[in-house]
Every structure is written in structure tokens, then in C-alpha cells.
Amino acid sequence: MGAPGSGKSTFCDLVMRVSTRPWVRICQDTIGNGKAGTKNQCLTGAASALKEGKSVFIDRCNLDREQRADFVKLVGPQVEKHAVVLDLPAKLCISRSVKRTGHEGNLQGGKAAAVVNRMLQKKELPKLNEGYARITVCQDEKDVQAAINTYTALGPSDKLPPGFFGQKNSDAKVQLGIMKFLKKKDPPGCSDTVSNVSPENIQSHATKERDSNQVVESHEEPKMASAGSNISLENIPTLAFPSISTADFHFNLDKASDIIVEKVEEYVNKLGNARLVLVDLSQNSKILSLVKAKAAEKNIDSKKFLTFAGNITKLYSEGGLHCTAIANATNWRLKPGGGGVNAAIFSAAGPALETATKATAGSLSPGKAIVVPLPSSSPLFSREGVTHVIHVLGPNMNPQRPNHLNNDYVKGCQILREAYSALFDGFASIVRTQGEPSKDNFEKELKREPQPEQGSTNGDQKAKREAAPEVDMNKKYKSFVKELGPNVGSSGDGNTGEQTRKAWGSWAQALYDTAMHPERHKNIIIEKSDDVVVLNDLYPKAQKHLLVLARVEGLDRLADVQKEHLTLLKTMHGVGLKWAEMFLSENNSLIFRLGYHSVPSMRQLHLHVISQDFDSKHLKNKKHWNSFNSPFFRDSVDVIDEVSQNGRATLKDENFLSMELRCHRCRSAHPNIPRLKAHISSCQASFPAFLLQNGRLVLLEGKDADH
DNA sequence: GTTCTAGAAC
DNA sequence: GTTCTAGAAC
């Protein structure tokens with residue numbers, strides 16, 4: 001399965017060239033005497049090849065379930081069905097498709113892009129319950145090569161293990177480094193096969209689209225919105241737990257990982273929609289990779305069980321992962337200290353946890369766990385949204401410590417199983433009694449704290465608002481580890497405020513100087529008050545693009561913003577809004593968005609007020625586009641919400657800037673800036689749902705960005 | 001932030 | 001040959 005240009009034919013060819021298995025490739029592009037044929041021809045061809053005892057590749061896009069269902073149904077269970085999904089970046093597929101139809105000139109190329117876009121919008125990843133014994137999802141060239149190797153090595157009577165392989169993050173927000181893919185040489189000999197990959201799809205769709213514009217204008221419901229935007233947020237009870245007994249208690253990692261996976265598998269379904277997260281501080285954690293591999297083998301739902309490298313006491317503030325409960329691998333006295341996770345959690349939770357723990361129990365025996373509700377005075381509660389700590393004691397295999405099991409792994413494994421059962425039972429009891437402890441609850445809890453600066457007028461918005469940060473493990477984790485350094489551990493607080501900051505270059509000082517010395521810049525300033533200065537962006541990226549500068553020394557960027565700046569943020573928003581409305585009164589077709597760059601290039605906090613036409617000669621590169629049209633752009637309304645609730649705004653990774661180019665309305669992908677600009681100049685699709693909410697878009701009253 | 005430009009992509 | 005991107009310099 002895969003879009004045109006994803007490399008299906010190449011895949012088959014490379015396998016068949018070396019494989020000792022009798023393969024037959026059924027390709028709709030060539031099945032009609034070397035020309036494109038029909039689906040029925042493919043079905044018949046496949047059936048007869050199977051009857052002859054051959055193995056068959058169905059070389060066909062098969063992106064939606066309906067298309068592939070007939071092939072799965074073709075033969076009974078005696079024939080094993082596999083899916084290999086070439087889920088490569090849209091841009092790469094487009095680029096290859098355009099290349100192979102290029103002889104017809106640009107128009108053809110443009111249609112290829114349109115077709116790939118359209119097809120990808122219909123993409124449904126296959127599921128095992130469609131009838132596949134094995135599914136392999138390839139998301140980059142490395143995955144593809146691995147799958148090629150796997151199938152090449154498959155002898156005539158060999159079998160592959162069943163299950164789902166490959167990451168399922170179909171809604172990955174960042175697809176980086178397209179150029180890296182393109183720079184790679186195609187495998188030798190593929191150039192002659194590439195030319196006949198699925199032209200039928202392109203031709204037939206291209207014919208249908210002959211009268212339409214060169215690029216897809218999706219006037220349909222923008223399905224891609226859910227894939228590329230921030231709409232879906234995890235809002236579910238989550239337990240973060242460290243690996244029990246494998247650190248100080250020296251429990252064998254391989255055995256421990258087996259038990260973790262076994263117990264997770266047992267509980268993951270009992271827990272309903274709740275989620276389990278195995279956490280380890282180390283970036284190269286052996287236990288994490290063992291567990292990850294074994295969980296994948298067992299096909300455990302990756303939405304319900306994840307592994308996460310990071311500091312368990314800062315999962316929300318540093319990792320963007322909100323966990324309702326965290327497990328503490330403690331000692332039998334339930335006392336702080338001793339190093340490791342126990343020391344870290346007691347230290348981060350403050351004396352409140354010690355008191356609450358004492359009130360619950362005096363000691364703990366191996367294999368047991370106790371649930372301790374965390375008082376709201378604990379920083380773990382207020383900062384991280386953790387409502388419960390579950391202390392758990394595992395078996396001790398460390399001969400240097402008292403009461404060790406003398407290498408008795410029969411007993412050790414039994415106790416470790418008990419420990420995880422007790423832990424997950426404890427979590428289950430929280431889930432049951434709390435109903436749905438969610439981010440919303442977390443936010444409600446936070447709101448209980450006195451917030452003098454906060455008006456009560458927008459409470460309604462808050463309830464609907466999408467809770468703060470998305471979970472984006474890889475990105476988050478990378479920057480997170482960079483900040484913490486590899487060995488920052490149990491010491492607790494104090495080292496997280498300072499991030500690695502680039503120094504400002506001389507060219508980055510212009511806005512700072514304007515804000516601090518407005519009198520020197522009278523010619524460009526269009527409004528000035530004690531709090532802010534407003535000016536037109538020197539290189540506007542849209543018809544209307546202005547900046548509202550904060551006039552506070554030391555407030556260089558969003559990362560510097562704290563709760564004390566809430567009033568200022570609201571002032572800036574108000575000023576920006578006023579200007580947007582002024583522009584709207586002159587041109588009622590404009591639509592505005594107000595927000596900040598997560599990592600600005602210019603010093604001095606500045607709010608962008610920018611019209612959504614992006615019609616500008618200054619918009620020249622990917623960074624320009626993505627800085628306004630990826631999660632890197634933080635809407636002012638969200639920043640205000642986050643700062644008022646958490647005291648800081650979430651910043652998104654700079655990697656978003658190299659994300660593939662997608663239309664901000666219909667979310668279609670485009671191979672380069674000129675093509676993107678040609679598309680957006682006429683795309684009238686409705687904006688993604690995310691932008692239609694909470695006043696993120698500013699437009700004329702009565703006008704509807706939805707139509 | 002932009003400009004410049006080599007070299008890749010087309 | 002022309003278009004486009006990415007990285008360095010500023």
C-alpha cells in the first residue's frame with residue numbers, strides 16, 4: 001500500500017530480484033498487456049497465481065480499506081495476507097510522481113501532485129482485523145529497506161511473525177528532512193521501473209481533473225485537519241511508572257522487561273481508556289528499549305502504553321505529558337532519600353508527600369503498593385498535575401543491600417509480578433473513583449489557586465479550550481534532555497529555568513531598540529503607549545502584517561513570559577485586535593491571526609498580527625511559511641490561557657520550521673514555495689477546525705471562515 | 001531577520 | 001538552462 005511515488009514497484013522488484021521464493025507481482029499499471037488494467041484483472045491474476053502455488057505481491061495503492069478488502073477476501077485463511085505500507089512523506093511521493101510524468105510538462109506534474117494529495121487524504125492505515133496476519137508500516141527509507149530485507153530473506157516455506165510492525169504515528173506533525181530523502185540515490189536499477197509505477201492512478205484522476213485547477217482545491221470537509229493539527233489531545237488518566245527494582249535493586253533487565261510487558265498487557269485492557277507510561281531518566285535507557293521492543297512484538301496498543309525518557313517528576317512541565325498518577329519505586333520504610341527515583345519524587349513533591357504517606361502507612365513489604373493522594377500544596381500537584389503517588393516496593397536482588405533474595409529469581413520474578421499488579425491495581429482504583437481525571441480537571445484544580453490578575457469573563461472559553469501542550473515525545477524529549485543534561489537526576493528543582501539560549505546577533509536587535517527608544521524610530525511606529533509600540537513588519541509576509549512590541553526590558557521572547565506579564569499579554573492582544581478590526585473595516589475579506597513565534601529570530605517580545613492571505617513577495621522560504629502555519633506559531637489566545645493557568649507558555653520545537661509545506665486551509669501538501677503560493681492564492685477551503693475555535697481567527701462578524 | 005550563492009532539482 | 005533550496009555571513 002502506498003501513494004503513487006511511494007516506491008511500491010521498486011519494493012517488489014528489489015525483493016523479487018534476490019528472493020528464492022516464487023513471487024508474482026500483480027500490478028494494475030501493466031496487467032493489461034503491459035498497459036493499465038482493471039481491478040478485476042488484478043483479482044483474477046492474483047487468484048490464479050496463488051493456485052499455482054506462487055506468492056503474490058499486489059502492487060496497487062490500496063490506500064483505503066474498501067479498495068483492499070476484495071484482495072483480502074480473495075482467498076481463505078490458508079493463504080496468509082500481509083500488508084506492507086509505504087507511508088512516506090507526501091512531498092516525497094509527489095516529487096517522484098511529478099518526475100515520472102514530467103515529459104508532459106508542468107501541467108502533468110501539477111496533476112500528479114493533485115492526485116497524490118487527494119489520495120493521501122483518503123489514506124486509512126490497515127488494521128489487523130481487516131484480515132492481515134502481519135502489517136509493516138514504513139515511514140522512511142530506513143523502514144523501507146528493513147522491510148525489503150525481511151521479505152527478501154523469506155524462503156519458499158518460511159513464515160514471518162504475525163502482528164503490527166512499525167510506528168503508528170500517522171498523525172506525526174513533523175516530517176523532516178525531505179531533502180535528505182531526495183538526496184539519497186535511488187537504489188541501482190530502479191530508474192527503469194520507476195517510470196511505470198501506478199501511472200494509471202495519475203492518468204485516471206488527472207482526466208477527471210482536467211477542467212479543474214492545477215492543484216487540488218479541496219472544498220470537501222478537510223479531513224486532513226485531524227492529521228496535521230492540534231485537534232486531538234490526550235485527555236486521559238495516565239500512570240507514569242519507573243522500572244521497579246532494576247536500578248538499585250539490581251534486578252535483571254531482560255527478566256524485568258518481560259514482566260513489565262506481561263503485566264502491562266494484562267492491565268492495559270482492564271484499565272479502559274487509561275494509559276500507562278514507563279519512564280526512565282536515561283536517554284539510552286536499556287530497559288526502555290527492551291520493553292519497547294517486546295511491547296511492539298506483542299502488539300500492545302501504543303496509545304495505551306508508551307515508553308518515555310525523561311524526569312518522572314517533570315513530565316508535564318518538561319515533557320508536555322500530563323500524568324495523573326506517578327509510581328514511586330520506594331524503600332520499605334517509605335522514607336525520602338536513598339537516591340534514585342525515590343529521592344527525586346520525595347524531593348519534588350515536598351514535605352506534603354511525606355506527611356500524606358505517613359498518614360497512610362508506616363512501611364511497605366516487597367510486592368506491595370500503596371496509593372497516596374497528593375495534597376494540593378505539593379508542587380508536584382500544582383506544577384505537574386499529579387494527583388496521586390503510588391509507592392511500590394519491588395524485590396531486592398542487590399547482594400550489597402540488606403534483605404536481598406540471594407539471586408533467587410523464582411522468588412524475585414514472583415515478587416516483581418506482584419509489585420506491578422499491586423501498582424496497576426492501585427492505579428485502577430484511582431481511575432474508578434476519580435471517573436475521568438483529565439487535563440480539564442487539572443485545569444480546574446489549578447484555577448482554584450488564587451489568580452488575582454485573571455478576570456472571570458472567559459471561563460466558558462477555558463472549558464472548551466484545548467488543554468495546553470500536545471504530547472510530542474520525540475521532539476519534546478530531545479529539547480528536554482538537552483536542557484537537563486544527561487546526568488541531572490534526583491536533585492529536584494532549580495536547574496530547569498535556564499535553557500540553552502542563543503545569543504542575539506547584532507541584526508536581531510532592531511525591535512529591541514525600537515521598543516526601548518521609540519523616539520529614534522518615529523518614522524516606522526504607528527502607535528505608541530507606555531506598554532507597547534506598534535509597527536508594520538519591515539518584511540510583511542501577508543497583505544497586512546504588523547508587530548505589537550512589549551516595552552519591557554528583559555522580555556526578549558515568549559520563553560521569558562511569566563504570570564506577572566499576563567496583563568501585558570492581554571494589552572498586546574487588545575491592541576493587535578484593534579488594528580485587525582481596523583483593517584477589517586477597510587477590507588472585509590481579510591482574516592487575521594494573532595500570535596507569537598515559539599523561538600523568535602528578533603529580540604524583544606513581539607506579537608504578530610497577520611492576515612491569512614500570505615500574499616507577499618517577502619514570503620520566500622519554508623521557515624517563513626511554517627513559522628506562521630505550524631504549531632510553532634502560538635496563538636495569542638492560547639498563550640494568554642496557558643500563562644494564566646500554568647505561569648508559562650508552551651513553546652514548540654524549531655523542527656516544525658522544516659515541516660513539509662501544507663496549505664493552511666485545506667492542508668494539502670506542496671513540493672515547494674512557488675507551488676504552495678500558487679495554491680494558496682486561490683484556495684478557499686474552510687480553515688481547520690482548530691483555528692475556528694476560541695477566537696484564534698479574527699474576521700468580520702457574520703462572515704464565516706467555515707464556508 | 002535578510003541577502004547571497006553553490007549546487008541540487010527540475 | 002532555469003528554478004529552488006539550504007546554509008553561511010551579516
Side-chain angles (χ1 to χ4, degrees), chain A residues 5 88-113 116 141 174-186 190-191 194-195 202 214-215 501-515 521 524 533 535-542 545-550 556-559 595-610 614 616-630 632-633 654-662 669-680:
Chain A
L88 297 170
K91 195 183 144 174
L92 178 64
C93 302
I94 290 171
S95 147
R96 287 177 179 164
S97 302
V98 168
K99 208 189 292 177
R100 70 170 73 114
T101 55
H103 62 281
E104 298 272 343
N106 261 340
L107 190 67
Q108 194 75 23
K111 294 209 171 169
V116 174
E141 297 274 46
V174 185
Q175 289 177 314
L176 295 167
I178 298 304
M179 294 316 294
K180 280 177 202 141
F181 289 118
L182 297 177
K183 270 177 195 157
K184 275 188 193 160
K185 278 257 182 283
D186 280 325
C190 79
S191 51
V194 148
S195 59
I202 290 169
Q214 179 173 333
V215 191
R501 288 190 174 166
K502 289 169 243 165
W504 299 109
S506 58
W507 44 263
Q509 306 289 346
L511 297 179
Y512 170 75
D513 200 58
T514 308
H521 304 271
I524 56 165
V533 152
L535 64 152
N536 281 304
D537 194 298
L538 187 57
Y539 298 93
K541 303 299 184 292
H545 181 185
L546 49 78
L547 305 177
V548 181
L549 309 187
D556 288 346
R557 59 198 124 191
L558 204 47
Y596 301 86
H597 287 158
S598 287
V599 184
S601 298
M602 304 288 279
R603 179 180 176 189
Q604 199 64 15
L605 184 71
H606 53 282
L607 173 69
H608 290 269
V609 178
I610 185 162
F614 296 105
S616 162
K617 62 175 184 182
H618 298 292
L619 202 163
K620 291 175 177 169
N621 59 43
K622 203 173 228 187
K623 181 174 179 179
H624 291 156
W625 179 257
N626 283 329
S627 69
F628 290 102
N629 292 290
S630 77
F632 183 86
F633 187 81
E654 280 176 280
N655 288 334
F656 279 113
L657 296 175
S658 46
M659 197 166 90
E660 62 184 357
L661 298 166
R662 282 190 177 274
H670 299 270
N672 56 45
I673 288 286
R675 292 275 196 85
L676 173 76
K677 290 177 93 170
H679 168 80
I680 58 168

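All values below were derived from every heavy atom in this structure, side-chain atoms included, with hydrogens, water molecules and symmetry-related copies excluded. From a predicted model like this one, the values you see are computed outputs, not experimental measurements.
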Give a yes/no answer on whether the side chain of A:Lys541 brings an N or O atom under 4.0 Å of OP1 or OP2 in B:dT2. yes
Tell me what A:Ile673 touches on the nucleic acid: a base, only sugar-phosphate, or nothing, going by heavy atoms under 4.0 Å. sugar-phosphate
Using a 4.0 Å heavy-atom cut-off, does A:His597 contact any base of the nucleic acid, only the sugar-phosphate backbone, or nothing at all? sugar-phosphate
Do A:Leu676 and A:Phe614 have side chains that get closer than 4.5 Å, going by heavy atoms? no
Check side chain to side chain contact (heavy atoms under 4.5 Å, CB included) between A:Ile524 and all other residues, then give those that pass, not counting sequence neighbours. A:Thr514, A:His521, A:Leu535
Measure from CG on A:Leu546 to C1' on B:dG1 and round the result to the nearest Å. 17 Å
For A:Arg557, all residues meeting salt bridge (Lys or Arg N to Asp or Glu O under 4.0 Å), sequence neighbours excluded: A:Asp560
Tabulate atom names and distances for all N/O pairs under 3.5 angstrom spanning the protein and nucleotides 8-10 of chain C.
residue: C:dC10; atom: N3; partner: A:Trp507; partner atom: NE1; Å: 3.4
residue: C:dC10; atom: N4; partner: A:Trp507; partner atom: NE1; Å: 3.2

Between P on B:dG1 and CZ on A:Phe628, what's the gap in Å once rounded to a whole number? 7 Å
All side chain to side chain contact (heavy atoms under 4.5 Å, CB included) counterparts of A:Lys541, not counting sequence neighbours: A:Tyr539, A:His545, A:Ile610, A:His618, A:Leu619, A:His624, A:Phe628
Test side chain to side chain contact (heavy atoms under 4.5 Å, CB included) applied to A:Val548 and A:Val533, A:Val609, A:Leu605, the passing residue: A:Val609
A:Leu605 atom CG is separated from B:dG1 atom P, nearest whole Å, by 13 Å
Return the polar atom pairs (N/O with N/O) between nucleotides 3-6 of chain B and the protein under 3.5 Å, or none.
residue: B:dT3; atom: OP2; partner: A:Lys620; partner atom: NZ; Å: 3.1

Between P on B:dG1 and CD on A:Gln604, what's the gap in Å once rounded to a whole number? 14 Å
Of all residues at least two apart in sequence or in a different chain, which pass the salt bridge (Lys or Arg N to Asp or Glu O under 4.0 Å) check with A:Asp537? none
Measure the CG-CG distance between A:Leu661 and A:Asn626 for me, rounded to the nearest 0.5 Å. 6.0 Å
Ring-plane angle category for A:His597 and A:His606, please: parallel below 30°, perpendicular beyond 60°, tilted otherwise. perpendicular
